[in-house]
**Q** 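Below you will find the structure I want to go over with you.
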Amino acid sequence: MKPITYTQIEGKSTGYWALLGVLGAMILAGFSASMYMEHHGHHVTGMTNQIVWGMPHIFAVYLIVAASGALNVASIASVFSKKAYKPLAPLSALLSLALLAGGLAVLVLDLGRPDRLIIAMTELNLKSIFAWNQLLYNGFFVIVGIYVWMMLEKKMNKYTRIAGTAAFIWRLILTTGTGSIFGFLVARQAYDAAILAPMFIIMSFSAGLAIYILVLMAAYKWTGRELGDSVLRRLKNLLSVFVSAVLYFVLAYHLTNLYAAEHHSVEAFILLGSNGGGQYSAVFWWLQILLGSVVPLAILFTSLSKQRLMIGIASALVIIGGLAQMYVIIIGGQAFPLEVFPGMEVISSGFMDGVPAAYSASFPEIVLGFGMGFGVALIMVVIGVTVLRFLPQSLADEVVDPHYVAESAEAAA
Amino acid sequence: MKTFLTHLLIAGLLLTGGAAIATDVADISLLKYPEPAGEKCVEPAEKMRREHMDLIQHQRDETMHNGVRGITAKHSLKGCIDCHVGYDDQDKAVSINAEGQFCQSCHNYAAVSIDCFSCHRTTPDGENPMRKSAMTNPHQ
Amino acid sequence: MSENMTDQSRRSFIKKAATGSAIATIAPGVVLYNVAQASRDPGEAVTDKVRWGMLIDANKCADGCTDCVTACHEENGVHQLGRPATDAQWIRKVTLRDKQTGKEYGIPMLCQHCEHPPCVDVCPTGASFKRADGIVLVDKHICIGCRYCMMACPYKARSFIHEDVTDQRDHAPRGKGTVESCTFCVHKVDAGEGTTACVEACTHNALIFGDLNDPDSEVSRELNNYPSRQLRADLRLNQGVRYRNI
Amino acid sequence: MTFLFATLFYISLGVLIVGVALKIRQYWKTPAPLKIPTMPAPTTQAGVVFRMAREVILFESLFRSTKWTWMFGWMFHFGLLLAFVRHLRYVMSPDFILWPLINNWLVQFAGQYASLMILFGLLGLLARRIFVDRVRYISAPSDYLMLILLLVITVSGIMMSFVTPIDIVSLKAFMMDLITLDSGHELPVSVPLVIHLGLVALLALIFPFSKLLHAPGLFFSPSRNQVDNPRERRHISDWAKKLES
């Protein structure tokens with residue numbers, strides 16, 4: 001193994017400025033969308049008093065979950081001492097900070113009173129998991145920030161492992177907290193399940209890694225740096241394990257629910273689309289399961305994944321599947337009518353009791369969630385790799401792979 | 001209250017002159033607002049000018065959490081409005097955060113935004129208990 | 001001098017208002033007694049000696065009658081814009097049918113003023129809070145509009161204010177971007193009236209409001225003498241609002 | 001007190017303007033005999049402007065040398081900019097055309113909380129002088145003086161903004177008097193305000209004689225403001241030209 005040199009990317013090409021321009025435009029569009037929502041009020045969104053968290057929350061929660069997952073690659077290097085992952089670690093930490101910032105930007109701008117952000121930080125109700133999450137998010141920035149410092153500054157390298165371990169533990173708690181936002185909602189049939197917290201952790205693994213793979217491939221392709229097959233092979237194998245694990249948790253979650261009579265109707269709503277849950281079961285089966293899990297697994301487990309393009313496609317599909325899963329959890333969970341009157345049938349109601357809530361995402365919501373969320377996250381990565389040394393000069397096999405010599409010798413033999 | 005007002009009025013007049021020199025546009029509405037109905041504020045003017053927000057906020061917590069309202073709520077925003085609201089030619093109460101009214105004139109002068117009236121109403125609700133007692137000239 | 005005058009005019013105003021409402025609620029008979037029991041010095045903080053609650057009798061609630069809804073929204077300045085999905089609703093009328101027997105019930109749904117309110121637990125800033133006397137409120141000064149309380153409420157009792165509001169009542173400030181719900185007419189309670197707008201408006205005596213901690217209050221005696229139920233009792237929230245005959 | 005401060009303000013403002021003007025004249029006249037732009041340097045005038053802008057806005061060269069100093073320094077300067085914009089409300093009449101830009105929730109909010117950025121930045125820079133050996137070795141008393149002066153100004157400002165509010169309407173009336181050469185408004189005297197204004201006046205007084213001149217000085221540093229074109233165009237400074245002919 002050769003010593004690894006990290007360098008900034010040059011950031012002078014037309015393509016670079018075009019990329020910055022596109023991302024800047026996304027952020028601007030997202031910000032304008034939030035201004036529009038602020039000015040007219042949230043009634044211009046698809047949100048109602050029944051579906052209180054809409055499209056922005058899907059992107060925000062997904063990005064926050066992906067943020068902690070993106071740190072995984074760094075953790076494998078620092079905490080579990082896998083040498084091959086070490087050169088990948090700085091980008092992993094940067095990406096996790098960026099994704100969290102993107103997610104939080106969306107979350108804040110979707111508040112009813114974003115101007116009260118300071119209040120949100122000064123008035124904390126410590127019984128609220130939401131308040132705890134705020135502390136966890138802020139702590140994540142600090143801890144991962146320190147971790148990055150330890151990795152990038154030579155004389156601090158010796159503390160990398162400690163900082164990395166702290167960051168790893170913190171990110172597990174953070175995602176537990178994010179999952180618990182839903183897991184602690186006793187009132188709603190689709191939530192109120194302890195399994196949501198570990199499920200969110202597994203979801204974070206696959207979401208973060210999928211985004212990481214795409215960012216890595218793009219960064220190396222666009223800067224003309226060498227990215228060896230060995231790195232990608234490891235990452236895509238890992239991705240296939242994570243995607244399978246998510247599927248396992250989804251299965252466990254639904255099986256548990258199917259066993260309890262009180263949850264039969266919500267399961268029928270999501271899985272079979274009965275009682276008006278058609279769009280959610282469609283998103284569940286077609287996007288989350290088939291397109292977002294089965295197809296990528298089919299690619300990753302077969303020889304198709306020898307082609308880079310296919311690895312990229314699989315990663316993109318995993319991202320789509322993850323967003324679809326968020327849609328089913330967040331929107332589907334709210335759309336299913338609350339069981340306020342068990343054993344009773346609602347004949348009429350001044351506020352649509354007993355019938356599934358309608359939701360159709362509005363354009364500004366999607367622009368806010370997608371533009372602001374991914375825009376902020378990606379622009380931070382682009383600027384980050386331009387000003388600091390996050391990326392190894394080369395990730396060619398002979399640089400990265402500890403078994404490279406052995407393997408090539410074998411191949412020769 | 002009178003001295004406070006006189007001071008402010010003089011200030012307003014002088015500033016109007018000053019602003020005229022500075023910008024060549026005379027602004028006659030500067031720091032001019034309807035005369036309050038009562039004779040005396042609940043606290044000395046000097047204190048009010050610096051601490052009115054703390055007082056209102058303290059009262060709001062008292063009212064929200066402890067249910068202290070009505071005549072026992074000395075520093076209530078409602079009290080401010082009842083006393084300081086202005087009336088138009090039709091004898092209709094004018095929003096206290098409208099241009100030239102009590103809250104707006106100072107806040108605009110000092111560039112401090114007011115968040116109260118995104119939720120609170122800006123005129124007395126129904127009959128104004130302060131109106132008949134002390135107002136001599138309702139047509140400001 | 002003028003301060004005195006002010007106070008006096010305010011006092012007499014409040015007194016008049018209070019007497020007016022006492023007459024209006026004299027029909028259930030015991031309410032006046034109730035007022036005397038629950039009243040406190042106006043300058044004194046509320047305590048947990050009192051717990052406000054309501055009993056709703058589904059048998060008495062008349063089919064098609066929405067007087068309580070109208071009165072509530074009138075009293076608290078909750079204007080409807082004809083967009084039911086985003087308009088605020090502090091109280092709503094729901095008609096139910098027993099799946100087994102087919103019997104139909106009409107009941108008003110409002111904030112249940114739980115002893116252990118999930119909305120209070122989840123609120124990140126503490127804007128959602130429970131007063132010492134059991135009334136669950138939103139402190140809109142620190143509400144950031146995250147809507148987590150709406151996710152947590154089992155009764156859909158809370159509304160997010162989607163649009164600009166003007167012409168609020170001065171006892172019920174409301175503004176875009178914050179969450180709100182039934183306040184048990186806290187301004188009337190604090191004025192010592194011991195009743196709410198919906199109770200006053202109900203001509204069928206289907207609603208009884210009072211102090212659950214006072215064994216002699218009408219609401220307590222009714223609850224003691226006849227069975228009643230809490231909605232989603234499985235959640236163990238110990239609501240202040242109870243239902244009878246459903 | 002009002003009179004005292006009015007006088008102090010006129011004097012310190014006069015010293016500031018005249019002093020800085022003289023200094024700029026001196027910088028202007030100081031010859032730059034050689035072509036010494038820091039490499040890699042832009043080869044066009046537009047490039048120089050762009051690089052200077054990056055230097056002024058982002059402190060690029062400082063970022064390349066020491067990250068920590070850059071972080072604290074940039075926080076301080078950017079916070080100072082935001083706070084400065086907030087302070088414009090005291091010297092601007094509400095009918096001035098730019099008033100809506102100042103009388104604006106976001107601008108005032110940013111300016112208020114920028115004070116914490118300033119504080120944090122200054123504390124970081126002070127810690128650097130105290131705890132980094134080689135920086136401590138080269139630190140002169142005036143280096144500390146500047147930091148401490150700015151710190152006290154910041155803390156007194158934070159006090160007035162967050163802890164003990166002052167009568168800002170009267171303060172503005174006083175300030176407007178100063179601008180419009182009017183009188184009649186008393187300075188609303190309070191301890192933090194007197195400290196704040198007094199030290200700001202002091203800062204203005206010593207500005208033209210201090211290291212703070214790096215603000216205008218940056219634009220005159222030959223290593224930054226020169227185009228890298230010695231081969232295309234021969235560089236001769238003014239005095240050298242005279243000798244040539």
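All values below come from the heavy atoms of this structure, side chains included, with hydrogens, waters and symmetry mates left out. Chain A is the first sequence line, chain B the second, and so forth, proteins listed ahead of strands; every chain is numbered from 1.
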**Q** For B:Gln57, is the CD atom crowded, meaning more than 12 foreign heavy atoms sit under 6.0 Å from it?
**A** yes

**Q** Relative to chain B, which of C:Asp164, C:Asp170, C:Val46 shows the most heavy atom pairs under 4.5 Å?
**A** C:Asp170

**Q** Please state whether the rings of C:His171 and C:His187 are parallel, tilted or perpendicular, taking 30° and 60° as the class boundaries.
**A** parallel

**Q** Salt bridge check, C:Arg221 against C:Asp214: does any charged N sit closer than 4.0 Å to a carboxylate O?
**A** no

**Q** For a side-chain contact (heavy atoms from CB on, under 4.5 Å) check, start with the C-alpha distance between C:Arg174 and C:Val78, then their side-chain angles and the critical distance, and finish with the verdict.
**A** CA-CA 8 Å; C:Arg174 317 174 55 230; C:Val78 183; 3.9 Å; yes

**Q** Only heavy atoms, only distances under 4.5 angstrom. Which residues in residues 133-147 of chain C are near chain B?
**A** C:Leu137, C:Val138, C:Asp139, C:Lys140, C:His141, C:Ile142

**Q** Under 6.0 Å between the ring centres of C:Phe160 and C:His162?
**A** yes

**Q** Counting neighbours of NE2 on C:His116 that are heavy atoms of other residues, nucleotides or ligands and sit closer than 6.0 Å, is the number greater than 12?
**A** yes

